[in-house]
Amino acid sequence: MGLFILRRTGVMIVTALCLTFIVFFLTNLYPNLEKLAKTQGNFRMSDEAVESWLDSQGYMQPTIVKYGQWLGVAPGWTRENEDGITGRCITGQVSAEAAAQAPTFCGILQGDWGYSTVFKDQVSTIVSKRLGATGFLMLCVLVLMVPTALAIGVLAGMREGSMTDRSLSTVSIMSTATPEYVSGVIFIAVFTSSTVGLKWFKGTATSAMDNPTFENFFLPVLTIALYGVGYIARMTRASMTEVMTAQYIRTARLKGVSFRNIVVKHALRNALIAPFTVIMLQFPWLLNGVVIVETLFNYKGFGWALVQAAGNNDIELLLAISVVSVIVVLVTQLISDIGYVFLNPRIRIS
Amino acid sequence: MDPLSWTGQIAFLNPLMMLTLAALGLSILAWMVLSAVLPENRAINSGAAEMMASGPRDWVASAVRYAFLAVIGVVLAYLILGLILDTKAGIIGALARQFLPVWIALVLLFAISINLKRKLGLYGKLFDSPIGMIGFALVMFWVFTGFFGAFDMIITHDPLSQLSGLKNKVPGTPLPNPEEGQFAWYLLGGDNLARDVFSRMVKGSWEVVKIAPLATIFAFMVGITLGLPAGYFGGRLDTFLSFLANLILAFPVILLFYLLVTPEIVATGLPQYMAAILFAFPLIFFGVLINSRFHTQPQKNYLWLAVVLIPLAMLYLSLINEKGSVLDIAPRALDFFDIPGGILVVFVSVVFVNSPTVFRIVRGLTLDIKTRDYVAAAQTRGERPWYIMLWEVLPNARGPLIVDFCLRIGYTTILLGTLGFFGLGLPPESPDWGSTINEGRKLLSIYLHPAIPPAMALLSLVLGLNLLADGLREESLKD
């Protein structure tokens, strides 16, 4: 078990390095840098001016060196000119003595995430603030989505082919066929618009940032949860029907155990192993849904920050966001692998 | 011209519709309550339970069935009366009349297919399952709509032209001063640039119908060509390819889209290089497929290879080659057409996102199938690995693959909508559903009508694909 976790963690770290390098490479392609130079400096810069600006900011080094510096495993660049020394780890222009005091390494490993050009703030503060807002949203989504989906799946899979099964399966198919931007639009139209007249909820969740209430927060949560419910419910149903046809369930029935006891005591535990993995692997999709819903409801969280960063070519913020989201996805995958082994006695004991 | 109401002269059907819908809802509720309250049947096998059941259960069951048939009947009445009365039957009538070519095509398709269903294999069996039939009808409705819409048959106005005075107008608004031969109403209203919502929705279906299935086919080619050897040979190759697939799967899709589709990245030609790699997979696939089969009969082999590969190679060159961009390698004579830049980028990113999942499915199926006896028999005969993979393993994996293909087209449709929703890739005036929803949502609290039709269209198409996949899965399991 320990070896397994160790190996999985190793693979995870390699994957994270590869992915962050890809994002780093893509965001640091020359046209992106050129745009950055023009937005930060002057829109009418000539090509030479752009190049010299980029050179003075350390952007013209080879990508792999820049990646090492950003990560914090390579020493940050420094540059001497007539007025003093500038460098990656130095703010502004300082004298040689002050430069000697500055740290040699400053990357994300040292906790230096860089500076956001859109929000004019430290990336670390932005990311932690936005992540807090989105974390709360995700928590509410999970609280709503997981019990609903499991209940639907277990009820449908309990008696395969029954009317309950068929109607609940139709519900779950419908929910998987409704992406967030469709259900969100329909919900806003039905529940918030002044033309229909049902003004039950608010169409934006901006105020939910400071003061989440049922009125302004329920629709975004419902919209994200709805798309995930169907998939988890179908997986739960499949797993439940498989368990219900197992030999030991038949034995229990023949011994005269009541149907309720069979479902609750014998089937449920084994049927919930597979959905656990599915729920954990849903996180990449949840992240997707979060971006759409935060844009739709104007909830200024992590996904909203992603759209802002990507739309405005904010390289450092975009990198930080991708690091965080990649780590979230990989950690949930790791938890799902370990959890699967842990929950399944057949694998755990052998 | 007067504004059109929703139902016009067939308004008498509305209370009937309400009544039947209420009956259907009540009977389904009653059924669910009854099945929870009444003692369960003593049979474990559900098939036997249905035969043995009688009493209240049976009555409710037939009530549900009749209520459902009644709803279908009323909907048909709406459509048929609408077809006959045209605009006198309000917006519904006019819509029914506009979709006339689609109805004809659907009826013909279903009549022919049901008549010949015993000769048509899995496709014919689809018509034994009501769920599959409903799904297939929904899917074909949008396929025909897209197809006829591409020939300007269903649309009432030009999807890009703006008519003054019709900005954000409600459904059924007449044109202020219609010209001769011009359709006199905006059936589903006007959007915030005074364009016809209905025509844009119809044109948008063509965007989906032309991109989604093709992108899914490409994703399948990539997934199959890489997944078969990964599952069959295993070892280092498998580890490496699986690592790559997991790498792409761990990437948040929207971030990937933003990184690939921005104009700066497109300018570097990265999507074109990716297209050059991804589009080569069909060539490899068909080349290996034919070569592994006819390797021992060189003459036949070369003939088939030439017949299949030469057109494919020409298509490939024209696809990836674009004048004045980084990839301008093929001679002019071989570059038959240019794909508009935006579409190519969208296409590539959708294929790129979908292929790792297909790869994992194919790899899993191969791992399972390669333990079967017929594979061992082929190995004993001395068949080469690629023959076994493509002509023994792949045909036996077709059931799950076909089902996944349907689901994946739906997923691709959702992805395309997502791209449109964020305004990535496609030109801003493009009528595709995602972009239309994105435009409509900005004024959603005041004007509902521009965003709802494309949303419902996307919903029904994806629902149809899901139902179709469900029906196919059920029928293929019956074998």
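So you know, we letter chains A, B, ... as the sequences are listed, proteins then strands, and number each from 1. Reckoned from all heavy atoms, side chains included, excluding hydrogens, waters and symmetry mates. If you're wondering where the values come from, they're calculated on a predicted model, not measured in any experiment.
For A:Phe21, the CZ atom is densely surrounded, since the number of other residues' heavy atoms within 6.0 Å is greater than 12. Other residues, nucleotides and ligands contribute only 12 or fewer heavy atoms inside 6.0 Å of the CD atom of A:Glu242. At most 12 non-hydrogen atoms from other residues, nucleotides or ligands lie less than 6.0 angstrom from CZ of B:Phe68. Counted within 6.0 Å of CZ on B:Phe243, heavy atoms from surrounding residues, nucleotides or ligands total more than 12; the atom is thus considered enclosed. Within a 6.0 Å radius of OH in A:Tyr248, more than 12 heavy atoms belonging to other residues, nucleotides or ligands are found.
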Legend entry - Steps toward side-chain contact (heavy atoms from CB on, under 4.5 Å) verdict (B:Trp31, A:Ser167): CA-CA 10 Å; B:Trp31 194 340; A:Ser167 31; over 6 Å; no

Legend entry - Test side-chain contact (heavy atoms from CB on, under 4.5 Å) applied to B:Phe251 and A:Val329, step by step: CA-CA 8 Å; B:Phe251 222 91; A:Val329 170; over 6 Å; no

Inset, instruction - Take A:Arg166 and B:Ile131, measure what side-chain contact (heavy atoms from CB on, under 4.5 Å) needs, and give me the verdict at the end. - result: CA-CA 11 Å; A:Arg166 267 185 243 159; B:Ile131 294 271; over 6 Å; no

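The shortest non-hydrogen separation linking A:Thr295 to B:Arg441 is O-NH1, 3.6 Å. The two atoms that bring B:Ile265 and A:Leu26 nearest to each other are CD1-O, 3.3 Å, heavy atoms only. Minimum heavy-atom separation, A:Val326 to B:Pro252: CG2-CD, 4.3 Å. Considering all non-hydrogen atoms of both residues, B:Ile452 and A:Ala189 come closest at CD1-CB, 3.7 Å.
Residues of residues 305-315 of chain A lying under 4.5 angstrom from chain B, judged on non-hydrogen atoms, are A:Leu306, A:Val307, A:Ala310, A:Gly311 by number.
The candidate from A:Met174, A:Lys35, A:Met244 with the greatest count of non-hydrogen atom pairs under 4.5 Å with chain B is A:Lys35. Interface summary for chain B: among A:Thr27, A:Ile321, A:Asn32, the most heavy-atom pairs under 4.5 angstrom belong to A:Asn32. Of the residues considered (A:Val328, A:Thr192, A:Ile22, A:Val23), A:Val23 shows the highest number of contacts with chain B, using heavy-atom pairs under 4.5 Å.
Taken from CD1 in B:Ile248 to OG1 in A:Thr15, the straight-line distance is 12.0 Å, to the nearest 0.5 Å. The CG atom of B:Leu467 sits 5.0 Å away from atom CD1 of A:Ile173, with the distance rounded to the nearest 0.5 Å. Here A:Thr178 contributes atom OG1 and B:Met456 contributes atom CE; the two are 9.0 Å apart, rounded to the nearest 0.5 Å. In this structure, CG in B:Leu407 is found 8.0 Å from OG1 in A:Thr176, a value given to the nearest 0.5 Å. Note that CD1 of B:Ile254 is 8.5 Å distant from CG of A:Leu287, once rounded to the nearest 0.5 Å. Rounding to the nearest 0.5 Å places CD1 of B:Ile28 at 11.5 Å from OG1 of A:Thr164.
The closest side-chain heavy-atom distance from A:Leu318 to B:Leu255 is below 4.5 Å. Within the 4.5 Å cutoff, no side-chain heavy atoms of B:Asn246 are placed close to those of A:Val11.
For B:Asp470, the part lying under 4.5 angstrom from a heavy atom of chain A is the side chain only. In this structure, the portion of B:Ile446 lying under 4.5 Å from any heavy atom of chain A is its backbone and not its side chain. Looking at A:Ile292, both its backbone and its side chain come within 4.5 Å of chain B, counting heavy atoms on both sides. Both the backbone and the side chain of A:Leu296 come within less than 4.5 Å of a heavy atom in chain B. Neither the backbone nor the side chain of A:Phe191 comes within less than 4.5 Å of any heavy atom in chain B. With a 4.5 angstrom heavy-atom cutoff, B:Phe422 touches chain A only via side-chain atoms.
The side chain to side chain contact (heavy atoms under 4.5 Å, CB included) test with A:Pro179 singles out one residue from B:Ile437, B:Leu458, B:Thr413, B:Thr418, and that residue is B:Leu458.
Listed for the A:Tyr181 side chain is a donor-acceptor partner under 3.5 Å among the backbone atoms of B:Ile414.
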